[in-house]
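Below is one structure; the comments refer to it alone.
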Amino acid sequence: AAVYRQIVGDEPGKLSPAGAVGKFLPKSLDQALSISAGEHPAIQANYHVVDATEFGVKSAEGALLPTLGVQASVEKKYQNRSTAGNSFGSDSDTASIGLQLNVPIYQGGKGSATVRQQKEQLGKARIDIDVARDQVRAAVTSAWTQMQAAQASVSANKQLVSAAQLALDGVVEERKVGQRTTLDVLNAQSDVTNARISLAESERNVVVASYAVLSATGRLSVSRLGLGVAVHKPEEHYKAVKDKWFGLRTPDGR
């Protein structure tokens, strides 16, 4: 109960057994691999890293190009002079505008080294996409095989429960005619109980494995599962602060 409260945040009430998320699962392993390759957040994040690194290459190359700047100034002067007891003033206005062209000639190799560095980082970012894709593929395959093994275990344990129950019924009938003892009946009942425990564990493993498959494909989300909780929307925070020039308050007013 304490662990339940720690995770859920409330005391457990009348709980019902969890079920596998069958309606959200892919129909086959190939379909699961296809979905994960196109939707998994880890792969999509690496694509964005490649885009950002490509911009870094262009920015580093831009440091080698000439820059043209515009300079303008306006000045107003007032001069007060006195001659033979008389004072008079004069105003003068001046304005200037000019262009300044800067051409990089020698940077000690820093500019070209920065470009090469950014290109190497771009190559690494592209390799990271392949690494993430392989990791996701391995996770999907592992989760899928574990789910299949758990489903097979459920079928086997159901047969085990039936066999143990049939054996118990036989031992009870044999005890009625004096061929078995009460201890034999208790042992048979223990076998039935153990078989049912194994069945419950295998059914639990199917539920966990189904969520593992959903997670591996990148589809384990609040919105997809339809959970009755508030969904975090990062774009709301972005829109709340994207036009701010200054401010210390967070979007929620803190």
Side-chain angles (χ1 to χ4, degrees), residues 1-29 31-46 48 132 135-162 164-165 189-242 244 247-254:
V3 176
Y4 182 94
R5 181 178 178 84
Q6 178 186 2
I7 298 175
V8 179
D10 198 2
E11 294 292 343
K14 186 178 180 180
L15 303 179
S16 58
V21 286
K23 63 179 180 179
F24 300 111
L25 292 176
K27 302 301 182 182
S28 64
L29 176 58
Q31 185 180 10
L33 294 173
S34 177
I35 292 172
S36 62
E39 298 182 13
H40 200 282
I43 299 176
Q44 297 300 319
N46 280 281
H48 291 304
Q135 291 175 343
V136 169
R137 182 181 182 88
V140 171
T141 304
S142 176
W144 187 269
T145 54
Q146 288 179 4
M147 184 179 69
Q148 288 185 321
Q151 291 171 343
S153 178
V154 169
S155 178
N157 283 316
K158 285 182 178 179
Q159 295 179 0
L160 181 61
V161 169
S162 299
Q165 184 63 49
Q189 289 177 339
S190 177
D191 292 339
V192 172
T193 302
N194 292 333
R196 289 176 177 173
I197 292 175
S198 298
L199 175 60
E201 290 178 348
S202 59
E203 290 174 343
R204 173 262 181 196
N205 292 337
V206 169
V207 175
V208 174
S210 66
Y211 279 95
V213 170
L214 204 61
S215 175
T217 56
R219 287 190 167 185
L220 185 62
S221 63
V222 171
S223 57
R224 185 172 295 276
L225 294 179
L227 303 180
V229 296
V231 180
H232 174 67
K233 298 180 179 180
E235 62 271 11
E236 293 182 355
H237 294 269
Y238 166 73
K239 293 178 181 179
V241 299
K242 68 175 183 177
K244 283 185 175 292
L248 302 179
R249 289 188 176 274
T250 58
D252 58 0
R254 290 177 291 169

Exercise for review: Would you give the length of the straight line joining atom CG of N194 to atom CZ of R196, rounded to the nearest 0.5 angstrom?
Suggested key: 11.5 Å
Exercise for review: Look up atom CD in Q189 and atom CD in Q165, then write down how far apart they are to the nearest 0.5 Å.
Suggested key: 9.0 Å
Point to revise | The single option from V140, L25, V21 passing side-chain contact (heavy atoms from CB on, under 4.5 Å) against V213 | key: L25
Exercise for review: Search all heavy atoms of A42 against all heavy atoms of A132 and return the closest pair with its distance.
Suggested key: O-CB, 4.3 Å
Practice item. Examine distances only and state if a side-chain atom of T145 and a backbone atom of T141 form a donor-acceptor pair shorter than 3.5 Å. Key: yes
**Study point:** Any donor-acceptor N/O pair, Q44 side chain to G38 backbone, under 3.5 Å
**Key:** yes
Review point. Considering residues at least two apart in sequence or located in another chain, which fulfil the side chain to side chain donor-acceptor pair (under 3.5 Å) criterion with R137?
Key: none
Exercise for review: Might you point out which heavy atoms bring P41 and G218 nearest each other, and give the distance in Å?
Suggested key: CD-CA, 3.9 Å
Review point. Applying side chain to side chain donor-acceptor pair (under 3.5 Å), which residue pairs with at least one partner in residues 31-43 are found, sequence neighbours left out?
Key: E39-R219
Review point. If only atom types and distance count, is the side chain of S202 paired as donor or acceptor with the main-chain N or O of L199 below 3.5 Å?
Key: yes
**Study point:** Non-hydrogen atoms of P26 and T217 that approach each other most closely
**Key:** CG-CG2, 4.4 Å
Practice item. For side-chain contact (heavy atoms from CB on, under 4.5 Å), just list the numbers for D191 and L160, CA-CA rounded to whole Å, side-chain angles, deciding distance to a tenth of an Å, and then say yes or no. Key: CA-CA 9 Å; D191 292 339; L160 181 61; over 6 Å; no
Check your understanding: side chain to side chain donor-acceptor pair (under 3.5 Å): which pairs involve residues 203-216, sequence neighbours left out?
Key -> none
Review point. Taking S162 for the side chain and K158 for the main chain, is one N or O donor matched with an acceptor at less than 3.5 Å?
Key: yes
